[in-house]
Amino acid sequence: MAEVYLRRLSRWQAEQQRDAVADVYVSAYHGAAGTEYRDRQGFLGRFEKHGQRPDFDMVVADSGGLVGCVYGYRAARTGDWWAGFRGDLPAEFEELTASGRAFVLAELMVLPAHRRHGVATDLRTLLLARHESDLVVAAVSLPDPAGTEAPGSTLLRSWGWLDLGTSGPGDVPGAHDRQVWARRPLR
């Protein structure tokens with residue numbers, strides 16, 4: 001496999017790369033046949049909203065073209081990120097969010113041919129290296145209403161993240177519930 005290079009993108013560069021990132025999203029998640037356009041448009045809408053959030057940060061993996069991406073932003077102090085959460089949320093997590101010390105890992109994607117080569121771990125490590133957050137959270141869509149484990153859960157668990165419970169679909173029309181994960185950042 002060719003060497004993979006990581007690079008951080010500014011907000012402006014992320015916007016300039018939005019179509020390439022959307023291509024990676026569609027290829028990485030292979031939605032149901034015929035839904036590629038809807039999946040792509042939904043992602044682009046979320047990406048645009050997320051790109052406007054405080055402390056938006058993004059890292060891409062490149063190997064002659066984008067092969068992966070991770071991005072996130074600082075969680076709003078209002079605690080809106082926790083809206084619809086079902087489970088026992090530690091009071092400490094609410095306090096960290098209210099004090100501006102929580103970072104949301106909003107999206108992590110790696111093309112199938114580059115998985116299991118450490119690309120996702122390297123992306124995550126570089127993204128979180130410059131954020132002084134005391135809490136990092138992520139929500140992964142459950143594949144169906146039956147509540148089976150979300151894709152990506154094995155990776156988050158291997159990183160030592162804690163499965164907190166589930167949340168409603170949030171700002172994603174037609175989406176299923178999400179599995180919520182948390183981790184104190186690596187230093």
Side-chain angles (χ1 to χ4, degrees), residues 1 3-9 14 21 24-25 27-30 43 46-47 50 53-63 66-76 81-82 84-97 99-143 147-167 169-170 172 175-187:
M1 178 166 46
E3 184 136 12
V4 175
Y5 299 94
L6 303 182
R7 60 189 166 99
R8 193 176 297 279
L9 299 184
V21 172
V24 172
Y25 177 85
S27 296
Y29 291 123
H30 296 298
F43 168 76
R46 289 189 310 278
F47 184 65
H50 294 160
R53 303 282 174 107
D55 293 330
F56 173 84
D57 197 5
M58 182 174 183
V59 176
V60 295
D62 194 301
S63 181
L66 290 186
V67 299
C69 167
V70 64
Y71 71 84
Y73 52 86
R74 183 152 324 273
W81 195 87
W82 298 107
F85 178 75
R86 294 182 296 274
D88 294 325
L89 182 64
E92 172 190 17
F93 288 6
E94 290 182 83
E95 292 167 10
L96 290 169
T97 303
S99 66
R101 305 290 297 167
F103 188 82
V104 176
L105 192 152
E107 194 69 56
L108 171 64
M109 58 189 111
V110 176
L111 293 179
H114 293 273
R115 292 181 185 156
R116 292 177 174 60
H117 297 284
V119 175
T121 300
D122 292 345
L123 284 166
R124 180 232 33 207
T125 300
L126 184 56
L127 179 74
L128 298 180
R130 74 175 183 186
H131 291 280
E132 295 182 13
S133 301
D134 292 320
L135 175 68
V136 181
V137 293
V140 187
S141 292
L142 291 168
T148 58
E149 190 165 81
S153 296
T154 302
L155 178 64
L156 291 169
R157 191 174 291 108
S158 76
W159 287 345
W161 289 50
L162 174 66
D163 180 357
L164 295 179
T166 60
S167 182
V172 183
H176 301 295
D177 285 351
R178 300 173 299 167
Q179 192 172 6
V180 178
W181 294 83
R183 168 94 166 130
R184 293 197 178 278
L186 301 173
R187 297 273 188 234

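Quantities reported herein were computed from a predicted structural model and do not represent experimental measurements. Atom set for the values below is all heavy atoms of this structure, side chains included, hydrogens, waters and symmetry mates excluded.
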For [X] and [Y], which heavy atoms make the closest approach, and how far apart are they?
{"X": "S167", "Y": "V180", "answer": "CB-CG2, 3.7 Å"}
{"X": "V104", "Y": "A75", "answer": "CG2-CB, 3.8 Å"}
{"X": "A28", "Y": "P112", "answer": "CA-CD, 4.2 Å"}
{"X": "S133", "Y": "R74", "answer": "OG-NH1, 3.0 Å"}
{"X": "M58", "Y": "C69", "answer": "CE-SG, 3.2 Å"}
{"X": "L164", "Y": "L89", "answer": "CD1-CD1, 4.4 Å"}

Is R124 close enough and on-axis enough to W159, meaning under 6.0 Å and within 45°, for cation-pi?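 R124 over W159 ring: yes.
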
Would you compute the distance between atom [atom1] of [X] and atom [atom2] of [Y] and round it to the nearest 0.5 angstrom?
{"X": "F93", "Y": "W81", "atom1": "CZ", "atom2": "CH2", "value": "10.5 Å"}
{"X": "R115", "Y": "M109", "atom1": "CZ", "atom2": "CE", "value": "11.0 Å"}
{"X": "L155", "Y": "L108", "atom1": "CG", "atom2": "CG", "value": "6.5 Å"}
{"X": "L135", "Y": "R183", "atom1": "CG", "atom2": "CZ", "value": "11.0 Å"}
{"X": "H131", "Y": "R101", "atom1": "NE2", "atom2": "CZ", "value": "12.0 Å"}
{"X": "L105", "Y": "Y73", "atom1": "CG", "atom2": "OH", "value": "10.0 Å"}

Does T166 use its side chain to pair, donor to acceptor, with the backbone of Q179 at less than 3.5 Å?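 Here the side-chain-to-backbone pair does not exist.
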
Is any side-chain heavy atom of E107 less than 4.5 Å from a side-chain heavy atom of V21?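 They are not in side-chain contact.
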
Using side-chain heavy atoms (C-beta onward) and a distance below 4.5 Å, is R53 in contact with Y71?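 Side-chain contact under 4.5 Å: no.
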
Using the test salt bridge (Lys or Arg N to Asp or Glu O under 4.0 Å), find all partners of R130 that sit at least two apart in sequence or belong to another chain.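 For R130, the residues satisfying salt bridge (Lys or Arg N to Asp or Glu O under 4.0 Å) (neighbours in sequence not counted) are D57.
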
L123 and side chain to side chain contact (heavy atoms under 4.5 Å, CB included): which single residue from L128, V60, V110 fits?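 Of the listed options, the one satisfying the test is V110.
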
Test T97 against W82 for side-chain hydrogen bond (donor to acceptor under 3.5 Å, both in side chains), laying out the working first. CA-CA 9 Å; T97 303; W82 298 107; 2.9 Å; yes

